[in-house]
Each structure stands twice: as structure tokens, then as C-alpha cells.
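The structure appears right after this line, and notes come after that.
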Amino acid sequence: MGGYGDVKLLNDDGSRLDGRAIDESRPVEVKVGVIPVADGSAWVKHGLNEAVCAVYGPMEAHPRKIQLQDQAVIDVRYNMAPFSTSDRIRPGFNRRSREISKVTAEAFASTVMVERYPRSKIRIEIEILSAEAGTRCVGITAASVALADAGIPMRGMIVGVASGKIEDTVVLDLDKAEDNYGQADLPMGIMPTTGEIAFMQMDGDLSMDELQQAIDYNFTAAAEIHDIMEAALRAHYDGGDE
Amino acid sequence: MGGYGDVKLLNDDGSRLDGRAIDESRPVEVKVGVIPVADGSAWVKHGLNEAVCAVYGPMEAHPRKIQLQDQAVIDVRYNMAPFSTSDRIRPGFNRRSREISKVTAEAFASTVMVERYPRSKIRIEIEILSAEAGTRCVGITAASVALADAGIPMRGMIVGVASGKIEDTVVLDLDKAEDNYGQADLPMGIMPTTGEIAFMQMDGDLSMDELQQAIDYNFTAAAEIHDIMEAALRAHYDGGDE
Amino acid sequence: MGGYGDVKLLNDDGSRLDGRAIDESRPVEVKVGVIPVADGSAWVKHGLNEAVCAVYGPMEAHPRKIQLQDQAVIDVRYNMAPFSTSDRIRPGFNRRSREISKVTAEAFASTVMVERYPRSKIRIEIEILSAEAGTRCVGITAASVALADAGIPMRGMIVGVASGKIEDTVVLDLDKAEDNYGQADLPMGIMPTTGEIAFMQMDGDLSMDELQQAIDYNFTAAAEIHDIMEAALRAHYDGGDE
Amino acid sequence: MAKQVVPQLLRQHLANLADDDERISGRGQWQGRDVVLEVDCLYNADGSAKVVWGDTVVYVGVKFELKEPYSDRPTSGSLMCGADLRPVAHRKYEPGPPSPESIELGRVVDRGIRESGCIDMNALCIVPGESAWMVIIDIHVISDGGNIFDAAGLAAIAALRNATVPASRYDVGEDYKLAVALTPIICTFTRVGGRYVYDADEEEELGGAERLSITLGDNGSMHSMQKGLKGTFTAAELSEILDVCKTRCSELRDLVDSKVE
Amino acid sequence: MAKQVVPQLLRQHLANLADDDERISGRGQWQGRDVVLEVDCLYNADGSAKVVWGDTVVYVGVKFELKEPYSDRPTSGSLMCGADLRPVAHRKYEPGPPSPESIELGRVVDRGIRESGCIDMNALCIVPGESAWMVIIDIHVISDGGNIFDAAGLAAIAALRNATVPASRYDVGEDYKLAVALTPIICTFTRVGGRYVYDADEEEELGGAERLSITLGDNGSMHSMQKGLKGTFTAAELSEILDVCKTRCSELRDLVDSKVE
Amino acid sequence: MAKQVVPQLLRQHLANLADDDERISGRGQWQGRDVVLEVDCLYNADGSAKVVWGDTVVYVGVKFELKEPYSDRPTSGSLMCGADLRPVAHRKYEPGPPSPESIELGRVVDRGIRESGCIDMNALCIVPGESAWMVIIDIHVISDGGNIFDAAGLAAIAALRNATVPASRYDVGEDYKLAVALTPIICTFTRVGGRYVYDADEEEELGGAERLSITLGDNGSMHSMQKGLKGTFTAAELSEILDVCKTRCSELRDLVDSKVE
């Protein structure tokens, strides 16, 4: 969080610079099956963020040393395309992407029924095409839909959502200016069907009360986005999309 | 191609700056067996270019995942020595070298009788010692002779040759100035014994007629260089060289 | 060696800048068992140098291609912590560390009874925490003690010692200023119990007579440090240390 | 990459089809798949295009950066074109440093654009010897359903023709459209069942042999060629392909024209 | 890294212990291991600390370098925090580029320190737009006996509070103590045998599930959280942990205070 | 690199030969192989040499670059010496980042040249604090038939003595010969069949033990030593070797002298 404090992020009427209410998410769109050669795939647009995800597998895990004897390995790559941000990103090794890939993989290892596929691997490939704050959450949402499209059994779909703090006010779903100049960010991966949290990071400055408010916003938003994800999957299998 | 157009590359009598005729190749010298520890080797000097090539194999292909069940893998490394150019080249990863290695390997996979050596590997190691335009072709010529020296059965020897365009004129075998300031370059790998083309790249600007002229020059030059290669091999096995 | 020659390194009374005699070592301290999770470990402070070493193994050598059929592989990593020097060292690949790791591994492969553990690997992990000239020697000393602590059978403990030349005088155990501005350095790995030399490098300028003097100093110092190492091991197993 | 034995069965099947002048997809020898081209589709790119070409999907984003010119060309901007065949695009792709396949793809597209002269490098200069634009073309293959060269080449030139120079972001004036004088187009031919076909799909590539990629400019002259993969060809075969190539390139150039203006 | 099947036996044993409100080490659910903190212990570091936390041993060294500020923040210094889980620290660690585990460790410690605002970045500036201090925190884990996050976080803030800005080494004045306004502390909780415990040791981590790391500042507000490893939790479980977290953080902050002033 | 069990048979054979004061090649204990030295043999190098030493073939190229001097040595040029044991040189070498073997080779040759003081670093300075020559020595082993240290060291000093400073290429005056005051020479001894021999060949290295490489200057003083590979030696053994070393170094220095002037 930049936390500069000298940038105005709320209008005088309490609304946000882009006109949203403090508990209002940016619009979310979901499409299923956008990558023909993948076993499952999805496209998610969340505000100005855009992500695609391909799922491959389950397949034999190789090299053998990564195999787990009693479950599948979840192998996630979160990657930002070079043109996804205002300043171009050089392709290649990137500490931020590695960390996000790790915690995203751990989230899905908690919800995919990995014990059904011993010694195998499920590849989740998340590509961020446009980034405007909140891409790790958009990637998680896309991955859940792609896993469902691939027919991988899960205990539920994880929804990526975030709340944060700007001008000492807790708000849902920070956009780029709010992320740059705000005071805190709390991205979470929530399974609305069970109430479990499979992914959580936080940085900035939050009191315990503010944390509770942010968590509440996230749960509400997750339920709403979950409906959009289900609708997209239904539409796809009814042959209704596009 | 630089294609500047403002650099004079032809003399008033139509000859080239180094005195060659437009259909005249730079001199080519070939030596066999210059790398004592290799299974086959060759040295080629083509104009001011100088290349050596070692061949190792056929040997077991490892790691196993690179093995092909019904044929040998051709593993080519084209490398420019750090001191081979006017500005020193840093050792290490290099996109140009990777591309040349790939297409060179594919050329030899087309002419070596790879189906005789399932699950094995043939290593072709091309080292450019001096570079003055046209090194990929010199490397191919050297590799053909080294393969022959190693006794690897081939459908024919590939000869590396190039033609190009300078001052709107198609000429054989560009030297460095012509390469830097010319309008087009067409390197090819030709098997004179069968008339097949195993390697081809082109960049610059060529009309269809100019292309035909350049191809004709290349075929003629390939036949001549093929004779030099054969003579060197004969001399080597007759014990006549050095 | 810097070998500038214009820096005064000896006092008028013939003593060194830090007051030591020319045949006097910096003080050496040894502790055993400082890394609880390792199979054996040691900490050595030698002047202002500080090193820790962990030993793991013998364990199965993998990947299999590094295995030796009739003996154990000695796998040494010598690494300088980023904060170990005046100017911070970037973590990662480093030619100097690779060379020291190689020759250190070769030294211990000469003294550990590797033939007792075919197809296995013994890992020696040397970490330099503070560096003030002579770290490769301190690392060797620490590794010997850590190997002993791990119960790995050896023909003897190698002691890391160095002599050098400053102001045309051979002296024992160069400190940082002497190393920077001196004329020669001769680090050695000596087994006092057998009189063998398992490690040796040298750079600078030494006559044959000076070499002999430097070797003599090193042998004497090695015997003394060997006593300190043995005392530390005895104290540790008697439960007497810390 | 794990290499599999290409089933003899597939090769034989493709050969039988070729004997009857047929293809596995039902297409004619020189018939391409449906192509959908979309431009200006990536929010943060300075120029962008998406191509859906059969089962192949490619995004291209163009970005500009201000750089000091090379000392031997003080008035010239520069061009960089790279491709990444990331694991998203096919189960056969693995993570790691750029593979030879992705390097080749980037360099072949690069050469076609660069050698056509469609961008005037001197027009990219802001202050001679001090600053000039570098145009960076990033090819991002999302789904490899065959013939990624042509899809990537098409998306690259369309993204360039869509590009806006972000002068205001760098405080060097107002944004303006990048001038792109020509529209070089790549066409790729693959030997399948013994003969050449245009626009091979995934199965045809798996059971096919060498590949010839040719870039033609607006006036029909050739700007790049590349022979890839195992196999050889003759000068006569090349001639035959070039005739088809002209027609296909014209059609695809018309498609680009219809989208960018 | 070679992954082993975690013995069902260990998991079962840990579950049985949890049922009886016990731990394998005999500790209580929220009881930590003994912690020994030492500062100013590395000769060439500008600030340093060593933490021995049960079987875990971590060194942290702080170094300063003069850099040109980023153009968009001309009056601001910078902070860099990295961790290396080198093979010295456990037989499970292998050489090579930074593993995801070491990247996560460095970034979690980094965020806790950075977001707490304990260092005034503008105070690190020497000449606006020209030179400012970069503070570099290097975490060096020597022995991984479990809960390296808390040991590394503790050593990092202690080393910072021990740090002297080496102005004389860079010819920009006299050395002075780095001003560190706050003492952010990390506490980590791990699900073991179905319930959360504080400060899991090596065996508990091997047989446990997800891990929650929380950084609290002096006034009790939260500066970073991180859920790691396989497993999920509920909002109610998080609340319970946060209460314990406050107490533990205070105790550890007192320990730091007792050593650095 | 795949390591093979060295056949006991070879070791035994070498020991038997040593007992009879013989070598596998028929040479005497201190006898080297034929050496052919050629200089000025690489068109684009500023200095060059080729050494054919038995079955070993090494090229060395010297290049110069203008660099800003290090701030702590503003009037000093610099020297860089590296070696690449590329796969061309033996079937045992694999592609990839520099192996420990190649790093050691480059560093041992570097130390011998650097420590001899044969090049006056201050004479490489053009403008103090602004520009000075960096001398770059690249060792390119083409065929490893044993004893690459001596072949590389010989080619390196010969290439240096052949070198021309390319001042005109950098617009800083006219080209001139690099001043090289001394001719340091490396000699390598290997334990084979229990005793030391000079100039081990490929088979002797395979069945031998430790290796001692010693660089002597013109006046007989020592500039570098390196013990490599598994094995130990005594101070007495070192003395014996040093006597032979002096003679061999003189002979090779004469060879260099005969070629470069």
C-alpha cells in the first residue's frame, strides 16, 4: 500500500472516485471454454482486469520427484503478460508472481479432491492480460471456473475477492488508484458454499474492527460472484454462451 | 539487412568492392579431423569466416525424455566464440544462436539416416572462430564434413550457401559490408547430390524473379563447394592432408 | 594480491600492524553442534572471520547421474552471506565461490573414507558470516569439525591455514589489510596427524625459499589449531560446552 | 519436452487422404480455417490485437518505451519482437526459459515486420543521440491449435496498425497514431501426407513434416522466409507455394484493413 | 524438493494429542518455545541480530547502499528484504535459484516491516533525485527447526533497530543510528491435529496443515497477514487466533526492547 | 556430468607401468608431448594464439574494451580471463552454465598472469577516472586430450604477447602493441600410478589422482599454485616437482619467445 494519505479517494457524498458505493464491487464477467486446446478454461473480466486460465490434467506428475504418493500435485503458474500493465513487464523470473503462484496452488490443493488422483498433477495456468488492481483474485476466480470446466471434482469453487481501506474507510474491491494510494488491502479466496477461507493475504494498516468489516464485505461479494460463475458454467453447458 | 541504400557496394565496372564478380563465391578451404578427441570433425574457412565442428555419437540419448523411439535425435549447438566478432560476444544464452541451432538440427535430421539409431543422440558442435557474414552456412558445411568423418550415414552432404541483393542486384555470397548494407540475404542448405533444400531462411526484400536468380546462384555454388568437401575427405582418408 | 608496495604493513620493531609477531596466528575459537537440525555442525571464529558448517549424510546421492558406484560423492557448498563483507554481496552464482567449493570438496574427498559409502552423498554446507581474509581456510576447519561431529569416518581432520608475504617478509595468517596490500598468499589444507596436504592454492610472488618458510609456518599453525578443534569436540561430547 | 512417437497410423491416414486430395478437416489443399481478428482489445497495451484462428488463439500487445539510441544510429528508434509459448497454450509446453520454438516464432515475425520497412525507424527519434521510441511487440499464444506463425504474424501487424504512441505518458507531447506504411503478412505451408497444404491444424502438424513460412509485403515482394522442422523440399515446390501465398496474403491484408481503419 | 508421504501415524498421533489438549513437545496450545535474541553479532553488517528459537537459528544482517531514488519518488529511500533458505538449514533444502518457500518468507517479513511504516522513507534521502539510502535486510536461516517466519521476523526488526547508517563509509557525513519508530512483530499459528497452535515445531509442521502468519504493530493494528500451505479456515477461527496474537506480539516486542536499548 | 567407475584395470595398468618407470605413451616421467604454437591466427581477435598439445587443442583470443575505471582505482585498467569447456571439446562436456571445471581453469590461468604483474594496469588508463582498457582473455578449448591447464596457459600468454591495443577502433589514437613485461608459464603435474608425472594425457588423467599446477615467472619465482582433484601430497613431493617445473617453464618460455618476436 502506498498509504500516502494526501490523495483524495472519496467524493464529498461518500461515494468513490469511479462512482461506486463503498460496498460495491466492480462488474464481473465470466466466459467458459475460451482456450480450445485446454481440458478446461475460463476468461474473467473484473473491472478493467482481464484474466484467462487453462487447466490441464490430471496427468502423470513428472519429474517423479514432485509426485505425491497419496494425492495429486496442484501446479499453478500465475503470470502477468508483458503488456498487462502501464509499464511493460519483462518476461521471466519474478518474485511476486512466484509467491502468488505458491499461495494460489495451496488454496486449490485445499479444495480440489486431490486424494482421488495419487501421483498425478493438475496444471492451472493463469495469465493476466490486463491488470488494474486485484489480479490475484481475478486469477483465482478464473481458475475455479476452469477447473469446473475441466470436470475436476472440488469441494466448492473458490472466489477471489478483496476489500481495503481508503481515507480511513473500509471499502470493497479496490481499484488501481485506491490500491496505489489506499491504506490497506485484504485479498481473500472464499468458498461461499462452505464458508471456508482458502486464501488470504493482507498488507497495510487495519484495526481489528476494520478487519471484521473487510471480511464481511468479502463474504458478501464472494457469494454474488459465485452466482455469476455458476451462471456462466450453466450457459456454457447449455450451449447458450456466445 | 541494413538496407541503407546510401552505401556504394558495386564498382563502376559492375564488380564488387572486394573485386569479385556478382556470381563469384569467396574462397573455401576444408580440413578433416582437426579435433582429435571427437568421433568426427572438420574445419572450414570461407572467406574470412572460420568454423570448426565436432561430431560425437551416436550415443545413448539422455535424459530419457529427449529420446525418440524410432530414430536418433540430432542435437546441434551453433556457438560464436567470444572473440569471433569485432565487438566481443558475451558467452551464454543468445536468441540468435538458439534459432540457428534449431533450424540447423532440423536440416540434418532430414538428411542423416536417423532411423538407423533409435533412442540415440548424435551431437553436432559448431564453433565459429571468426565471423565475417555467413557463419550459419559455414557451420552447416563444416557439420556435413564432420558427420562424414564420423562415419554417420547420410542421404547426402548439405552445403551451406547464400546469395543476396545489393544495389538492386542479386549477388552470390555476401561479405560483411554487403550483409550490413545490402537489401536481402538468402542462406540455404542444399544437397547437391539430390537437389533437395534442407535449410532456408531469407530476410530483406526480394521480388519473385530475384528469388529465382538467388536460388540458381546458390545451387551452382553448392555444387562447387561440394567438390571441395569431397576432395578434403578423400585427402584425409588417403592420408594426404598435412 | 594487491601488491601495491606503498602501504606500510610492518611496524618499526618488526611486529605487524595489529601487534602480532610474524609467525603468530590470529586467535581461533571452535564450537560444535551449533545447527540443531544438521547431522553434524561447527562454528569457527578465526580473527574476525566467522563461519558455520553443517554436514548432512551420508544420504542417497540423487540425481542418480552424480552417483559414484564405489564411493560417496562429497558435495561442498562454500557460500558468503550477503552481509559478510564490507560491500554487500548479491546472492546467487559466483565464480569465486564455485572454485572454492570445488577444491574444498576435492580436499575432503581425499580424507573422508568415501569408499565406505558407495552411491551415497555427503553434503558439507559452509556459510561465511563474517569475512576478513582467509575464509576458505576457516571454512575448511569448520567442515572438519562438523564432519567429526557427524561421525563421518576420516583419515584425519584437515586444518585450513595460510601464510603470506608482506614487505618482502613471510608471515603467518594474513589479515584483511595484509591480504589487500601484501605480495603473496598461500592457503593450505593440512592434516597434522599424517603430514599430508589436501588443499593448496597460492597467488602473488614467492621465491622457492619463501615458499619453504611459508609452508613451515602453515604446518606449525595447523598443529596448534588441530588441538583447539580436538578440545572443542571433547568438550562437546563431555557435555561441557555452553 | 516429452516427445512421443507420432503414430504411424496418423501418418498413413494423412497420406491416404492426400492421395484423394482431401484433408482431415475436410478443407481443400489451399483452404485456411476461419479467422476472427479483433483490435484494441487489451486495456493497458498501446496497441493490441486478438486472433482466433481455428483452435489457435493469440494476443499481441504493443508497448513503447523511450530509450537512448544506439551510438552508431543516433537518429533511429528500435523494434523488439518476442514470443512466449507459455504452458497455458498447450499441454506440451513446459515452464522455463524461452524454448527454441518460441524464440523462432518471435524472430520470424520480427524479421517479416522489420524487413518490410513498414515502420520508419528514423520517425521514432525524439532527440537525436538522446531519446527515441523502442517499439516492443509481445506475442502471447493462449491456445496452440496449429499454425501459430500465421496467427501471431497477423495479430502482430494488426496490433502495430492499432498502436498509439504514448507521448503524453512520457511527457514528450501528445499521443499520436503510429505510422505503419505497409502490412506484411505471413503464410505458412506444411508438408502433410507428402504434399504441401496451407494452414495446417494441430493433427496435421503432428503427422506432418517440414514447414515453410513466407512473409509478403503489399507489393508482393518477399520479406522473410523460414524453413522449419524435419524435411526437405525442392525449388519447384517452393515456386508452387509462392503462387498460393500471394492470394492468401492479399485476403488477410484485406482483413486487417477492414479492422484498423 | 523430494516430497515424502507424511506418515499417517504422525498425523494420527498429533490428532490424539490435540484431543487431550496436549502437544508433542509438552507445550500448551498457545505456548512458544524459548527464544534467545542477540544483536550486533555480525562484524561486517551495519545492523545484525541472531535468533535461536528452539531448534531454529536465524541470522539477519542489515546493509545500506546509496542509490539514485526512483524518478516518481525523488525524495524517498527504499527497502529490500530477502530470505535465502540455503541447504545449510535443513536436509530438505536444495541448492538453486530462490525457492517459492524462501521468496514467500522474504516477502512476508518485508510486508510486515514496510507496511508498519516503522522506517520513514523520506528520512533516507540525502539529495532529492540524486541519492538516498537503500536499506537491505538479508535473512539467513541456518537451522530450520520449525516456525522460521517468526524467528526471521524477530531477527529482522531487531537487526533494523540495531542498525547504524554508514554515512562515513560513503563520505556523506558521520554515522548515525537508523531511526526505527515502531516494532512490528510476526506471530504464526499452524493447524495441528485439527486445531490451531502457536509456534509449531518441525514435527508439527510436518504433520500439520495450513499456517497463518500475522504481523501486529505497537498499537495492536495489523500490518500483514498470510495464509500458507494446504488447508482452509473460518472467520471465527481467525478471530480466536488474533486474541492470542496480541499477547505474544507484546511479549516479543518487550524482548526486542530489552536488547536494543 | 555422468561419472563412470574408473576401471580398476586402468589404475592397475598405470601402477604397473610406474613401477617400471614407464608411461602409457612411452614418455619419460618428466617428458611432455609435442607442442605446436601458432599466434595471430584469429581474424577478429586483437591478439590470438592456437596451441596443439598432443590431442589437446586450445584457441585463445584477446579483446580490448574501454571501461570506466573502478572508483577506488581511478588510474587502473583491468583484466578478465575466462574459460569455456564447451561440448565441442569432449564427449564428457555438457552444455549449460559454466562448470566448476571451466571456472577453475579460467581462474588459475587468470591468477598466473595477473600475479606475475606482466601487464602494467596503470599503463592501460586513457583518462583517469573516465576510461581505461579492459583486457579480456577468452580461453576456448576445442579438444581436451589431457592437460588443458598448460595448453590454455601457454596460449593465453602467447595471445597477450601477440595483442595490439585497438585504439583506432575506439577513436583514442593509433593502435599499438600491448606491453607485456614477463612471460609466466604454467606447468602441471599429476599423480599417476602413485608417482607424479609431467603433462598427463587423457588416459593418465582418467586413471590418475591429484593435480598440481604451478605458474613460474621469468626469474623463477612462483606466481600461482593450485592443487586440484582427489588426492593429497607431501611437502617433499612438492619440492621434487618444483625442480622439474623450472626447466619445463624455461623451455616453453623459449617457445613463446620464438613465435612472438
Side-chain angles (χ1 to χ4, degrees), chain A residues 33-39 41-43 45 47-60 62-63 75-93 97-98 101 121-133 135 139 142-143 146 150 176 242, chain D residues 1-2 33 36 41-50 52-65 80-98 102 106 134-146 148 159 163 166 169-170 201-202:
Chain A
V34 297
I35 299 177
V37 302
D39 295 323
S41 63
W43 168 92
K45 187 165 184 184
L48 294 170
N49 293 300
E50 200 173 337
V52 291
C53 179
V55 165
Y56 293 96
M59 56 177 69
E60 199 195 343
H62 75 101
D75 186 19
V76 170
R77 260 167 300 280
Y78 161 98
N79 180 62
M80 296 181 77
F83 43 70
S84 64
T85 49
S86 180
D87 288 337
R88 177 173 178 268
I89 299 173
R90 270 166 174 272
F93 183 87
S97 293
R98 293 282 168 107
S101 297
K121 178 166 73 168
I122 296 168
R123 279 172 40 192
I124 300 176
E125 311 286 350
I126 299 168
E127 295 287 333
I128 307 300
L129 301 175
S130 298
E132 285 284 314
T135 56
K176 195 179 175 194
E242 313 207 34
Chain D
M1 198 187 322
R33 290 171 291 176
V36 179
C41 51
L42 294 166
Y43 181 75
N44 277 318
D46 298 322
S48 59
K50 177 187 178 187
V52 179
W53 185 305
D55 281 353
T56 290
V57 183
V58 178
Y59 284 88
V60 167
V62 172
K63 297 286 285 182
F64 292 81
E65 292 183 358
M80 192 170 103
C81 177
D84 218 347
L85 293 172
R86 294 187 50 74
V88 69
H90 202 280
R91 72 165 54 217
K92 73 185 172 188
Y93 294 128
E94 297 189 345
S102 62
M134 178 163 66
V135 186
I136 309 172
I137 303 170
D138 282 301
I139 298 168
H140 213 63
V141 180
I142 293 297
S143 181
D144 179 356
I148 52 176
R169 194 165 77 225
Y170 285 87
D201 61 26
E202 202 183 343

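A note on names: the letters A, B, ... follow the listed sequences, proteins ahead of strands, and every chain is numbered from 1. Predicted model only: the values in this text are computed from it and were never measured.
Using a 4.5 Å cut-off between heavy atoms, A/V52 contacts chain D through its side chain alone, with no backbone atom that close. Contact annotation for A/A81: both backbone and side-chain heavy atoms come within less than 4.5 Å of a heavy atom of chain D. For D/D84, the part lying near chain A is the side chain, with the backbone staying farther off; criterion is any non-hydrogen pair under 4.5 Å. When heavy atoms are compared at a cutoff of 4.5 Å, D/D144 approaches chain A solely by way of its backbone atoms N, CA, C and O. Looking at A/S84, only its backbone comes within 4.5 Å of chain D, counting heavy atoms on both sides. For D/V88, the parts sitting under 4.5 Å from any heavy atom of chain A are the backbone and the side chain alike. Contacts of A/R123 with chain D are made by side-chain atoms alone, with heavy-atom separations under 4.5 Å and no backbone atom involved.
Inter-residue side-chain proximity for A/I35 and A/E127 is flagged as unmet; no heavy-atom pair is nearer than 4.5 Å. Put simply, the side chain of A/Y56 does not reach to within 4.5 Å of the side chain of A/K121, judged on heavy atoms. Taking the side chain as every heavy atom from C-beta outward, A/V76 and A/I126 approach each other to under 4.5 Å. Side-chain contact between D/V135 and D/F64 is present, with at least one heavy-atom pair separated by less than 4.5 Å.
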After noting the C-alpha distance and the side-chain angles of A/E125 and A/R77, does the key distance pass the salt bridge (charged side-chain N to carboxylate O under 4.0 Å, His left out) rule? CA-CA 5 Å; A/E125 311 286 350; A/R77 260 167 300 280; 2.7 Å; yes

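Side-chain contact of A/N49 with A/E132: a donor-acceptor pair under 3.5 Å is absent, judged by distance alone.
Ion pairing between a basic and an acidic side chain is recognised when a charged N comes within 4.0 Å of a carboxylate O; A/D39 and D/R91 show such pairing.
Here D/A89 is the residue among D/G96, D/A89, D/G145, D/P98 with the most heavy-atom pairs under 4.5 Å with chain A. Most heavy-atom pairs under 4.5 Å with chain A, from the set D/P95, D/A45, D/S48: that is D/P95. Contact tally against chain D (heavy-atom pairs below 4.5 Å) for A/A54, A/S86, A/A38, A/G57: the top residue is A/S86.
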